[in-house]
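Structure, as structure tokens:
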Amino acid sequence: MESSRQPAAGRQAIYVVAILVAVATFLCYLPALRGEFLIWDDPFYVVNNRHIRSVNLEFLTWTFTSAYGSWHPVTWISYALDYLLWGMSPLGYHLTSIIYHSLNSLLVVLLTVRLLECAKRSNELPSILDGDGILIAGGVVGVLFGLHPLHVESVAWISDRKDLLCAFFFLCSLLSYLKYIAGIQADAGSPAGNTLLHYRQYILCLSFFLLALASKGIAVALTPVLLILDYYPFSRFSCTKGIRAVLLEKIPFFLLSLLITVIGFLGQKNLGALASYNFLTLPERTLTALRAAAFYLWKLAVPVHIIPFYPHPDKITIFDHEYLLGSVTVVGLSILLVCMRQQNKVLLCAWSYYLLTLLPVSGIVPVGIFSMADRFTYLPSLGPFLLVGLATAWLWSKAGSDVAVRRAIVAIGTLCFLMMSILLIRQIKVWNNSVRLWSYVIEKGPYEIPLAYSNRGMAYLEQGEYEKAIADCTKALAIQPDYHLAYYNRGKAYLLGGSLSLAMADLNRTIVIAPKYAEAYALRGEIFSVQGDLAPAISDYSTAIDLNPEMYEVYLNRGIAYKESGDYVRAIEDYNRTLALVPDSPEAFNSRGVANRYLGRLEQALADYSRSIALNPQFALAYCNRGIVHKEMKNYELAVADFNRATALSPDLIKAYLEAGYCYRLLGRSDLAAQEFQAACDRRSAEGCTALSGLGK
């Protein structure tokens, strides 16, 4: 058997090409560093995720026991490490994603080269892979994988980190498997073979597979992919003994896949992703999957008009030309390649890999409200890309020593590289911020999508553009009148815009449509609090907490409502619950300090205010409140220092000027007291100033 070891110069060339591909990928994705957190899962995964803000035993327990949506502890750990390094700066999260994608591109080159080396030894593709053919094919596949615009969604969207991590460990697992099989085949029948070393590669392969599963459940596709490799290029199904060994090896992979599939199904059920998809029958899902498989091929070949969200059409039928063409394409190609398997196993294996890696996200098993998504092509695209790489190597070998033809191939390849880079950068810009993203979906989408209008409305809301937010949410409701998120977002916009009655009406409607939507009760509780209706506010806050016990801000708001109603003991209990969930909340410490002060616990209040200030040195109200405690403890100098710090941070904090004036008066500094009272007057209306002047005497 021909040795699988490359000469040193050949190995160096492979690594040089792989590194160049990774560097080119990294540089082309640098514009993604300008991206913001998006209103599309980013709040759930990062922005509002309190769990990732501390790496401790509680966090690790949560990562491995939480299956809300999907089970991916490795992804949660990745976000936690980013938070540790970058806090809430999106640049750092994007940088991590770009690095992972660049590493994946490097691994793709190495994997392609090693696969083709194995194929070359099988003597099926010798002429194509002679000379530089393997290196050319590997470089082409790596560049296509690294720079294809269809992969922008996986890289530029922080919430899709799981695809990058899953692919990284998936590729590492495949590389380990190739070493394992190549080793045991080389040592077959040799008493000097190092069996222990080879089985270490098997353990590595299984370990990387587990990490891939713990990143995203689509890694279950690895098990059938390994069987494809056993069929070709390793030809391990040639005898009964070989088949038995192959199947025994795959039992641990199969059991892990089964376990993760069940966990993922239950997680999607908890998230509600299955309920929203139940309106499709099994034949409709099958048609959708076939159409998507053909559609992805077209987008891989012609990467234009790429949309972040592909909704289901109103009607799914085989008589629609898109579904008919998709079905004929996928079924026809499958039959043709099966019939050609004796002549060309590579085509059948690449096609099988493409379909099998798409299967977990094909939609036959419900995955969401969309018919397909660009991110689903991240790993499956390697099948078609491999064929393009082989075609390029074939053209290069056919050119032979014809310099003109080879120059033409290089020129065409360079042009394709430049065009793909331009399309890549244009697509990255779509993902820079929420308004641009959802405006693009609204502009390019084939149908009107209520989610797009609602999410853009939320983006406008964050920017303080309440009228635009209300208009977008109203448009979403015109498309889908029972869309509770649009009612909620519009209600929030009305509230922030000062229209309490309209906000209350929208939130009431939200609760009628979605009685288990905790956020609606929490926001309605805030309206009741603003109106001074503390009893219904506390009731709504309690309902929200029952529905979602991890809403720490609702504990804080309910504590404030208890405090306003004079129930300081319950207020402190809620502040303690807030701090149990978010130990670094300066607002909770400040509020607990207020309640402790009213209960006469001045030392505890002082400690709470000091802790609040330590967490947020710019928290003017905490300085003011601590100053009041110092005043009550007759520490007037310390009180004045805190009041002055408060007014320096917040010049309109009138209470701080007044309290400073009282302290100066008690210290016998009537001139400074007069200055503080005058400063308070200057920031009040003339009517308020008259009242204050009497207090200052």
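Below, all heavy atoms of this structure are taken into account, side chains as well, without hydrogens, waters or symmetry copies.
For the pair D82 and T96, the tightest heavy-atom approach, listed with the atom from each and the gap, is OD1-OG1, 2.7 Å.
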TODO: Go through the steps for H51 and E58 under the test side chain to side chain donor-acceptor pair (under 3.5 Å), then give the verdict.
DONE: CA-CA 8 Å; H51 298 284; E58 179 188 354; 5.3 Å; no
Open item on the list: R597 vs N625, test: side chain to side chain donor-acceptor pair (under 3.5 Å). Steps then yes/no.
Closed with: CA-CA 9 Å; R597 172 177 164 254; N625 287 336; over 6 Å; no
Task: side chain to side chain donor-acceptor pair (under 3.5 Å) between R626 and S610, worked out - done: CA-CA 7 Å; R626 189 174 70 174; S610 295; 3.2 Å; yes
- [ ] Take S434 and R456 through the test side chain to side chain donor-acceptor pair (under 3.5 Å) and record every step on the way to the result.
- [x] CA-CA 7 Å; S434 297; R456 189 174 71 173; over 6 Å; no
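Other residues, nucleotides and ligands contribute at most 12 non-hydrogen atoms within 6.0 Å of the CZ atom of R570. Residue R53 places its CZ atom among more than 12 non-hydrogen atoms of other residues, nucleotides or ligands, all under 6.0 Å distant.
Side-chain contact between Y29 and V152 is present, with heavy atoms from C-beta onward closer than 4.5 Å. Between F643 and I628 there is a side-chain heavy-atom pair separated by less than 4.5 Å.
Side chain to side chain, S78 and R161 meet the donor-acceptor criterion of an N or O pair below 3.5 Å. Using modelled atom types, one finds a donor on one side chain and an acceptor on the other under 3.5 Å when comparing Y45 with K162.
Ring planes of W157 and W40: parallel class, angle under 30° (limits at 30 and 60°).
The cationic group of R645 lies under 6.0 Å from the six-membered ring centre of Y623 and within 45° of the ring axis, placing it in a cation-pi geometry.
In this structure, OG1 in T63 is found 14.0 Å from OH in Y79, a value given to the nearest 0.5 Å.
In this structure, F677 has its ring center closer than 6.0 angstrom to the ring center of Y662.
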